[in-house]
Peer 1: 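Before anything else, here's the structure in question.
Every heavy atom of this structure was used, including side-chain atoms; hydrogens, water molecules and symmetry mates were not. Counting starts at 1 for both ligands and their atoms, in listed order. Residues: numbered from 1 along the sequence shown.
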Amino acid sequence: VTADQFRIALTACQHWEQGYFSAYADLVHKAPDLVLQVGDYIYEKSFGGGPDVRHFSGSDPVTLANYRARHALYKTDPHLQAAHAAAAWLAAPDDHEVENDYAGTHSALSESEAFLRRRANAYQAYLEHMPISLTRLTPGGVRFHGKVDIGDLARLYLLDTRQYRSPQPGAPEGRARGAVVPRAEADQSEGRSMLGAVQEAWLTGELACPQPPWTILAQQTLFAPLALQRPEGEMIWSDMWDGYPAAREAVLKALGGEAIQRALILSGDVHSFWRNDILHKGRHIANEIVTSCLASRNAPAALFATAEADNPHVKYLDNAHAGYTLAEFDRHGARISFRAVRNLTDPESEVFELHVAEIEGPGKPGKPIAREGMPFDD
Ligand SMILES: [Fe+2]
């Protein structure tokens with residue numbers, strides 16, 4: 001199988017109450033080959049704090065029945081329906097498909113036993129409503145991670161940074177918590193995993209094998225380091241990869257290996273558009289593209305106000321628009337288009353090109369790669 005060109009629409013974070021899904025109308029018009037949804041497909045809760053365009057009814061889902069109802073509500077959106085009809089999808093959940101900022105088996109809100117029942121209900125409803133095989137349901141959870149070859153052009157690894165992770169640094173004993181914490185606190189607590197041992201070993205083993213021209217990691221949250229300089233010193237957001245420096249180092253080491261021709265990391269979660277240089281031991285080893293929320297409010301302005309000035313590897317940041325990202329690849333390069341929604345409160349809003357990032361490709365034909373079995377396998 002060969003492919004000369006491929007187009008991925010990257011989406012994340014669609015809050016039913018906070019905005020209409022007009023970005024999907026533009027996505028359908030652009031006719032991508034694949035829609036890649038990297039989390040917060042549904043939200044389990046309301047946030048208030050701004051103009052909402054429509055409302056959830058009832059209380060936050062906990063049971064299987066009310067997670068199913070939440071998914072069913074989302075599936076009534078005509079733009080979302082059209083997007084599902086328009087292209088193949090790959091999707092893996094982040095936290096809001098279950099509960100805000102959970103970490104593996106730990107909840108910010110409840111004891112683990114009650115939380116694990118809630119998580120099982122949420123995962124089952126997600127599987128039932130998404131184009132994911134029910135055979136991925138396992139006794140302890142769901143295997144969301146996997147890989148797919150895009151002809152001989154690219155290999156895409158879809159990761160799960162939520163189901164197997166350790167609690168964030170600084171979280172109370174036995175609980176999860178996302179917070180701004182000192183960098184030193186994250187760096188000191190070793191042994192915390194982001195992918196879990198099994199997924200991490202699978203990924204690092206994979207990345208040591210011969211790769212096509214593009215190696216793409218699709219995953220949920222900001223991968224690049226992000227220093228938040230505050231009067232009290234350098235802080236980080238503990239729920240992102242910054243909270244798990246040893247786990248990130250393992251991925252960086254693998255991505256810097258000889259098998260990789262060009263690496264691209266596709267991320268979501270932070271409700272803003274980014275392009276980041278990913279460096280390892282002073283060497284540029286990958287680009288990170290972060291898509292904004294498809295239909296949610298942006299991150300608090302103060303959180304990222306000095307992010308570009310304090311982090312020279314951040315090459316682009318927009319925290320003022322929702323939308324999605326259209327990534328077009330060929331052997332010579334990738335054209336990344338950040339597509340922004342003009343007005344989230346208009347169900348038929350205009351969507352416009354906010355920014356384009358051109359990324360150089362390896363420029364040489366990839367070696368043929370043997371492919372057998374399922375198109376999306378472990
Ligand atoms: Fe989100």
Peer 1: For the residue pair Trp89 and His84, does the interplanar ring angle fall in the parallel (under 30°), tilted (30 to 60°) or perpendicular (over 60°) class?
Peer 2: parallel
Peer 1: Looking at Trp214, I'd like to know if the NZ or CZ of Arg155 sits under 6.0 Å from its six-membered ring centre while staying within 45 degrees of the ring's axis.
Peer 2: no
Peer 1: Any N/O/S atom, backbone or side chain, of Cys293 lying under 2.8 Å from the Fe ion (ligand 1)?
Peer 2: no
Peer 1: Only one of Tyr316, Phe304, Phe223, Phe338 passes ring-ring contact (aromatic ring centres under 6.0 Å, His included) with Trp274; say which it is.
Peer 2: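 Per the ring-ring contact (aromatic ring centres under 6.0 Å, His included) rule, the option paired with Trp274 is Phe304, out of Tyr316, Phe304, Phe223, Phe338.
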Peer 1: Please name the atom of His271, limited to N, O or S, that comes nearest to the Fe ion (ligand 1).
Peer 2: NE2
Peer 1: Are Arg54 and Phe21 in a cation-pi setup, meaning NZ or CZ lies under 6.0 angstrom from the ring centre and within 45 degrees of the ring axis?
Peer 2: yes
Peer 1: With a cut-off of 2.8 Å, does Tyr43 put an N/O/S atom close enough to the Fe ion (ligand 1)?
Peer 2: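 Checking the Fe ion (ligand 1) against Tyr43, an N, O or S atom does fall under 2.8 Å.
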Peer 1: Kindly confirm whether the Fe ion (ligand 1) is within less than 2.8 Å of some N/O/S atom in His96?
Peer 2: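 Coordinating: no.
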Peer 1: What atom name does the N, O or S atom of Asp40 nearest to the Fe ion (ligand 1) carry?
Peer 2: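 Of all N, O or S atoms belonging to Asp40, OD2 is the one nearest the Fe ion (ligand 1).
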Peer 1: State, without any angle test, whether His284 and Asp277 hold a side-chain donor-acceptor pair at a distance under 3.5 Å.
Peer 2: yes
